[in-house]
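Heads up, the thing below is written out as structure tokens.
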2 protein chains.
Amino acid sequence: MVTKVKENERTHETCTKALIPVRDALDILSGKWKLPIILALQFGNKRFSELAKQVHGITDKMLSKELRELEMNELVKRTVYDTVPVVVEYSMTPYGETLEKVIEELQIWGAQHRKRIIRKGK
Amino acid sequence: MVTKVKENERTHETCTKALIPVRDALDILSGKWKLPIILALQFGNKRFSELAKQVHGITDKMLSKELRELEMNELVKRTVYDTVPVVVEYSMTPYGETLEKVIEELQIWGAQHRKRIIRKGK
DNA sequence: CGGTATCCCTGAGGATACTG
DNA sequence: CAGTATCCTCAGGGATACCG
């Protein structure tokens, strides 16, 4: 019994350790808008208004907020060109690009899952 | 200009196509409790009350609800043993195990991101 | 033991209007 | 153009009590 208790404790500990980084990653990717923005930027640098158009349904407020967060995490770079009127360009940072593999795995699994669900549905 | 418009349309379309499966995958993994439960089950089959203990902080209601959803997606299997009192065992399905790679990628990226943040913090 | 039923609260996100 | 400011809604999740 003592052994079993220790086993559970160890399991719990190990789970927690595994969980924290996964949470960290998901905190960055989850929410309604971060991924749409990232995907849009992976196709090339974009200005605020271009993103507002291409990320369908997003409001200015959300776009602004999400970009700020992505910038704080150094996934996205914000460049201000000193023109009149001002032009602001957003781009992925090299660090942001390291997300590619994670996103790809999500995409692969998700696509496969969708097929499965549809198959069952019929 | 026409070219540019077409380009944007294509980009938008491609983004949407890439986005849907990623969303599908995240819908399964996001939320506060699904991953903790999955990780716990990856260490072995567990009964309801064992999960309630090991998934720290979860309420019965949430555990029940999340398990039902995981079961509906065929990621988790629920087995009822006809004893008195009744025993219910939860386990990962083979399909559920296919999530391993995705979770691993999230974990790798998250761990690396955490290191980065901590380094900056100092 | 393995859950439901209720009621409640917070915060993510939306709508709209405004600004340097 | 590139955002802020304000106000509002709603669903995810918590607390507590109860049930076969």
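Chain letters run A, B, ... following the sequence lines, proteins first, then strands; residues in each count from 1.
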Assess, by modelled atom type and distance only, whether the side chains of B/Arg10 and B/Thr14 contain a donor and an acceptor separated by less than 3.5 Å. no

Hey, does the side chain of [X] come within less than 4.0 Å of [N]'s phosphate (OP1/OP2), counting only N and O?
X	N	result
A/Arg47	D/dA2	yes
B/Ser64	C/dT4	yes
A/Arg78	D/dG3	yes
A/Arg68	D/dT4	yes
B/Lys32	D/dG14	yes
A/Tyr90	D/dG3	yes

Take the protein atom [atom1] of [X] and the nucleotide atom [atom2] of [N], then report the distance between them rounded to whole Å.
X	N	atom1	atom2	value
A/Leu63	D/dA5	CG	C1'	17 Å
A/Leu70	D/dG3	CG	P	13 Å
A/Glu69	D/dG3	CD	P	14 Å
A/Glu71	D/dG3	CD	C1'	13 Å
B/Met62	C/dC8	CE	C1'	13 Å
B/Lys46	C/dC1	NZ	P	17 Å
B/Glu50	C/dC1	CD	P	10 Å
A/Ile58	D/dA2	CD1	C1'	14 Å

Would you say the side-chain atoms of A/Ser64 pair up with the backbone N or O of A/Asp60, donor to acceptor, closer than 3.5 Å?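 Not confirmed, A/Ser64 side chain does not pair with A/Asp60 backbone.
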
Checking the side chain of A/Arg23 only, and the main-chain atoms of B/Lys32 only, is there a donor and an acceptor separated by less than 3.5 Å? yes

Options [options], nucleotide nearest the side-chain atoms of [X]:
X	options	value
B/Ser49	D/dA2, C/dC1, C/dG14	C/dC1
A/Lys65	D/dC1, C/dG13, D/dG3	C/dG13
A/Lys61	C/dG3, C/dA15, D/dG14	C/dA15
A/Val88	D/dA2, C/dC1, D/dC1	D/dA2
A/Val87	D/dG13, D/dA2, C/dG13	D/dA2
A/Thr59	D/dG14, C/dG14, C/dG2	C/dG14

Is B/Ile108 reachable from B/Leu99 through a run of I, L, V, M, F, W or Y residues, each pair having side-chain heavy atoms under 4.5 Å apart? no

For residues A/Ile38 and A/Phe43: do they belong to one hydrophobic cluster (side chain heavy atoms under 4.5 Å, members Ile, Leu, Val, Met, Phe, Trp, Tyr)? no

Could you check B/Ser30 against B/Asp60 and say which one's nearest nucleotide on DNA chain D is further toward the 5' end?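 Nearest nucleotide further toward 5': that of B/Ser30.
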
Base, sugar-phosphate or nothing for B/Tyr81? Non-hydrogen atoms, less than 4.0 Å.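 Touches nothing.
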
Straight-line distance of B/Leu70 CG to B/Leu41 CG, nearest 0.5 Å: 8.0 Å

Specify the residue among B/Leu67 and A/Gly57 whose closest nucleotide of DNA chain C lies further upstream toward the 5′ end. B/Leu67

